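Heads up: the structure comes next, in structure tokens.
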Amino acid sequence: MEAARTEEVHLRHVEKDVLVPKMMREKAKVLCSEKVEAFNHCCKESSFLMVFKCREENSQMKDCLTQYYRDPAFYEECKQEYIKEKLEFQRTGIPSKDRKQKLPTSM
């Protein structure tokens with residue numbers, strides 16, 4: 001029943017063109033974390049010369065991220081995840097970031 005419900009959800013323009021791609025970027029950064037970390041490390045080491053010294057790391061990072069950005073299956077996966085979060089918010093009224101946080105323990 002849940003799968004049928006996610007198919008009938010209509011996404012607004014801002015959700016399709018802004019929020020789902022934002023989720024894609026966040027997930028792609030995690031999936032390409034090794035290359036992102038290598039680029040960040042190179043930039044910290046090189047300071048002002050990073051434009052010249054970190055070309056290889058930048059290229060590898062961009063290639064990895066672009067691979068995910070252009071993948072229609074990855075877009076669909078992120079879209080379905082967004083729809084599930086949206087439906088859960090409509091059901092509970094609690095944003096996903098608040099649901100994911102652990103409740104404080106009482107003393």
Side-chain angles (χ1 to χ4, degrees):
M1 182 171 152
E2 185 70 27
R5 213 170 152 207
T6 58
E7 291 300 321
E8 67 189 41
V9 173
H10 174 72
L11 293 179
R12 298 173 295 151
H13 168 70
V14 71
E15 291 173 317
K16 282 189 241 177
D17 297 340
V18 177
L19 298 175
V20 173
K22 179 182 175 189
M23 181 181 281
M24 289 175 69
R25 281 190 302 277
E26 291 168 359
K27 289 182 86 169
K29 278 184 186 177
V30 172
L31 295 169
C32 297
S33 63
E34 184 179 300
K35 292 182 174 43
V36 172
E37 186 61 36
F39 177 69
N40 287 339
H41 179 71
C42 179
C43 288
K44 287 177 186 175
E45 298 266 320
S46 305
S47 74
F48 293 115
L49 298 175
M50 71 180 148
V51 174
F52 303 106
K53 288 188 174 182
C54 300
R55 284 183 181 166
E56 181 66 30
E57 289 84 350
N58 186 27
S59 176
Q60 290 176 358
M61 180 184 71
K62 279 202 256 184
D63 290 343
C64 182
L65 294 172
T66 303
Q67 170 190 347
Y68 287 106
Y69 297 159
R70 293 183 178 171
D71 184 6
F74 187 65
Y75 176 83
E76 192 60 33
E77 175 187 326
C78 291
K79 179 178 151 187
Q80 293 304 318
E81 185 177 333
Y82 177 82
I83 289 172
K84 285 179 185 175
E85 286 181 10
K86 180 180 178 177
L87 291 173
E88 187 65 20
F89 174 74
Q90 289 173 347
R91 189 177 69 76
T92 63
I94 301 171
S96 66
K97 64 180 178 183
D98 292 341
R99 280 195 311 270
K100 291 177 184 174
Q101 292 176 349
K102 292 186 177 182
L103 295 174
T105 57
S106 58
M107 294 184 162

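Just so it is clear, the structure is predicted and the values come from calculations on it, not from any experiment.
Not counting sequence neighbours, Glu37 has no partner by the side-chain hydrogen bond (donor to acceptor under 3.5 Å, both in side chains) test. Remark: Cys78 pairs with no residue by the disulfide bond (SG atoms under 2.5 Å apart) rule, at least two apart or across chains.
Residues Glu88 and Lys84 have side chains not in contact (no heavy-atom distance under 4.5 Å, counting atoms from C-beta outward).
The minimum heavy-atom distance linking Lys35 with Gln60 is given by the pair CD-O, 3.5 Å.
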Trace of the disulfide (SG to SG under 2.5 Å) decision for Cys43 with Cys54:
CA-CA 7 Å; Cys43 288; Cys54 300; 4.4 Å; no
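Pairs of residues two or more places apart, or lying in two chains, that qualify as ring pair (Phe, Tyr, Trp, His ring centres under 6.0 Å) and include a residue from residues 37-74 are Tyr68-Phe74. Applying the salt bridge (charged side-chain N to carboxylate O under 4.0 Å, His left out) test to every pair with at least one member in residues 44-72, sequence neighbours left out, gives no pairs at all.
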Pairs under 3.5 angstrom only: tabulate donor-acceptor contacts from the side chains of residues 16-34 to other protein residues two or more places apart or in another chain.
unit_1: Asp17; atom_1: OD2; unit_2: His13; atom_2: ND1; d: 2.7
unit_1: Lys27; atom_1: NZ; unit_2: Glu77; atom_2: OE2; d: 3.2
unit_1: Lys27; atom_1: NZ; unit_2: Glu81; atom_2: OE1; d: 2.8
unit_1: Ser33; atom_1: OG; unit_2: Val30; atom_2: O; d: 3.2

